[in-house]
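Being a predicted model, the structure only gives us computed values, none of them experimental.
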Amino acid sequence: MKLDFWQVTDDPVEKVVALIAKRVLGEGERVLVVAADPEQRAAISRTLWEAGPESFIANGEADGPGADRQPVLLAPEPVAANGASHVILADGTFRETEGFARVFLLFPPELAPQARQAWRAVDGREGLERAYFAQEAGRWVKKG
């Protein structure tokens with residue numbers, strides 16, 4: 001499993017979620033977006049629907065009809081009713097995730113101590129590949 005830590009400093013989290021979701025969907029995979037706050041999930045949903053001038057990223061809530069058919073599913077917990085292989089932890093809170101090929105933990109600078117703690121907690125796990133990305137002048141740069 002790949003576990004990516006993304007420190008979000010320049011863009012709103014919703015925009016970063018849309019960026020990642022677009023890439024994952026382009027690879028033919030599905031995405032689960034986890035955020036405990038229903039208002040944050042609603043903001044992410046709006047951004048996904050408005051993701052581009054000639055396109056949108058279809059999405060729905062985990063408790064909504066047809067959740068199993070959604071390419072991007074929004075949920076308060078990491079349970080992929082849509083069979084997602086990728087999960088985005090959009091609220092900055094690390095959760096144990098089993099069964100995903102790739103996990104993205106998005107966090108603002110003020111949650112960096114918790115992200116560092118999560119980084120240390122997974123250190124040495126077999127089959128886990130970690131990476132850390134930070135925004136610099138509007139671009140994502142791999143730091144570790």
Side-chain angles (χ1 to χ4, degrees), residues 1-119 121-122 125 127-144:
M1 174 177 77
K2 289 185 175 183
L3 174 56
D4 292 344
F5 291 75
W6 288 43
Q7 185 168 343
V8 180
T9 54
D10 298 342
D11 295 322
V13 167
E14 297 83 10
K15 183 177 178 182
V16 178
V17 168
L19 170 78
I20 294 169
K22 193 176 288 189
R23 287 183 184 170
V24 171
L25 294 174
E27 297 170 359
E29 300 293 336
R30 290 185 174 193
V31 182
L32 174 67
V33 179
V34 179
D37 181 9
E39 289 181 22
Q40 184 181 24
R41 291 195 310 273
I44 291 168
S45 179
R46 281 190 303 276
T47 300
L48 291 169
W49 282 110
E50 301 166 354
E54 67 284 329
S55 66
F56 61 88
I57 300 174
N59 66 89
E61 282 280 340
D63 61 357
D68 61 327
R69 296 187 311 267
Q70 294 294 339
V72 178
L73 190 63
L74 306 168
E77 296 295 328
V79 178
N82 66 342
S85 59
H86 293 59
V87 60
I88 302 169
L89 304 174
D91 59 7
T93 301
F94 180 75
R95 297 160 178 85
E96 289 295 331
T97 51
E98 296 293 326
F100 293 97
R102 193 163 186 181
V103 178
F104 300 87
L105 174 62
L106 309 183
F107 63 95
E110 61 268 17
L111 293 181
Q114 290 89 331
R116 279 192 291 279
Q117 183 178 11
W119 179 277
V122 300
R125 284 196 188 172
L128 180 70
E129 180 183 329
R130 294 177 300 178
Y132 168 69
F133 297 85
Q135 283 184 301
E136 291 182 0
R139 299 187 66 199
W140 287 100
V141 178
K142 186 173 182 179
K143 296 289 195 170

Taking all non-hydrogen atoms of both residues into account, name the closest pair between Ala35 and Gln40 and its distance. CB-OE1, 3.4 Å
Is there a side chain to side chain contact (heavy atoms under 4.5 Å, CB included) between Leu74 and Ile44? Walk through the geometry before answering. CA-CA 8 Å; Leu74 306 168; Ile44 291 168; 3.9 Å; yes
If you count every heavy atom of other residues, nucleotides or ligands that lies below 6.0 Å from Arg95 atom CZ, does the total exceed 12? yes
As a quick check of understanding, evaluate ring pair (Phe, Tyr, Trp, His ring centres under 6.0 Å) for Tyr132 and Trp119, giving each step before the final call. CA-CA 9 Å; Tyr132 168 69; Trp119 179 277; 7.0 Å; no
Got a donor-acceptor contact below 3.5 angstrom from the Arg41 side chain to the Val33 backbone? no
Would you compute the distance between atom CD of Glu129 and atom CE of Met1 and round it to the nearest 0.5 angstrom? 11.0 Å
Closest approach of Pro109 and Pro113, non-hydrogen atoms and distance? O-CD, 4.2 Å
Do Leu25 and Val72 pass the side chain to side chain contact (heavy atoms under 4.5 Å, CB included) test, and can you show the C-alpha distance, the side-chain angles, and the key distance before you say yes or no? CA-CA 8 Å; Leu25 294 174; Val72 178; 3.8 Å; yes
Looking just at side-chain N and O atoms, do Gln135 and Asp11 make a donor-acceptor pair shorter than 3.5 Å? yes
Closest heavy-atom contact between Ala18 and Leu48? CA-CD2, 3.6 Å
Donor-acceptor list for residues 97-107 side chains, cut-off 3.5 Å, not counting sequence neighbours:
{"unit_1": "Arg102", "atom_1": "NE", "unit_2": "Asp4", "atom_2": "OD2", "d": "2.8"}
{"unit_1": "Arg102", "atom_1": "NH2", "unit_2": "Asp4", "atom_2": "OD2", "d": "2.4"}

Taking all non-hydrogen atoms of both residues, which atom of Leu32 and which atom of Ala75 are closest, and how far apart? CD1-CB, 3.8 Å
Is there a side-chain contact between Ser45 and Glu61 (heavy atoms, below 4.5 Å)? no
Rounded to the nearest 0.5 Å, what's the gap from OG1 on Thr93 to CD on Gln114? Could you check? 8.0 Å
If we only count heavy atoms from C-beta on, is the Ile88 to Trp6 side-chain gap below 4.5 Å? no
For residues Ala90 and Val13, report the shortest heavy-atom separation together with the two atoms involved. O-CG1, 3.4 Å
Is there a donor-acceptor contact under 3.5 Å from the side chain of Arg130 to the main chain of Lys2? no
Separation between CD1 (Ile57) and OG1 (Thr47), nearest 0.5 Å, reads 10.0 Å
Trace of the side chain to side chain contact (heavy atoms under 4.5 Å, CB included) decision for Phe5 with Leu89: CA-CA 10 Å; Phe5 291 75; Leu89 304 174; over 6 Å; no
Before giving the answer on side chain to side chain contact (heavy atoms under 4.5 Å, CB included), spell out for Lys143 and Glu136 the whole-Å C-alpha distance, their side-chain angles and the decisive distance to 0.1 Å. CA-CA 11 Å; Lys143 296 289 195 170; Glu136 291 182 0; 2.3 Å; yes
When rounded to the nearest 0.5 angstrom, what distance separates CZ in Arg30 from CZ in Arg69? 9.5 Å
By side chain to side chain donor-acceptor pair (under 3.5 Å), Gln117 pairs with (sequence neighbours left out) none
Count the heavy atoms of every other residue, nucleotide or ligand shown that sit under 6.0 Å from CD of Glu39, and state whether that count exceeds 12. no
For Gln70 versus Asn82, what's the shortest heavy-atom pair and its separation? O-ND2, 3.0 Å
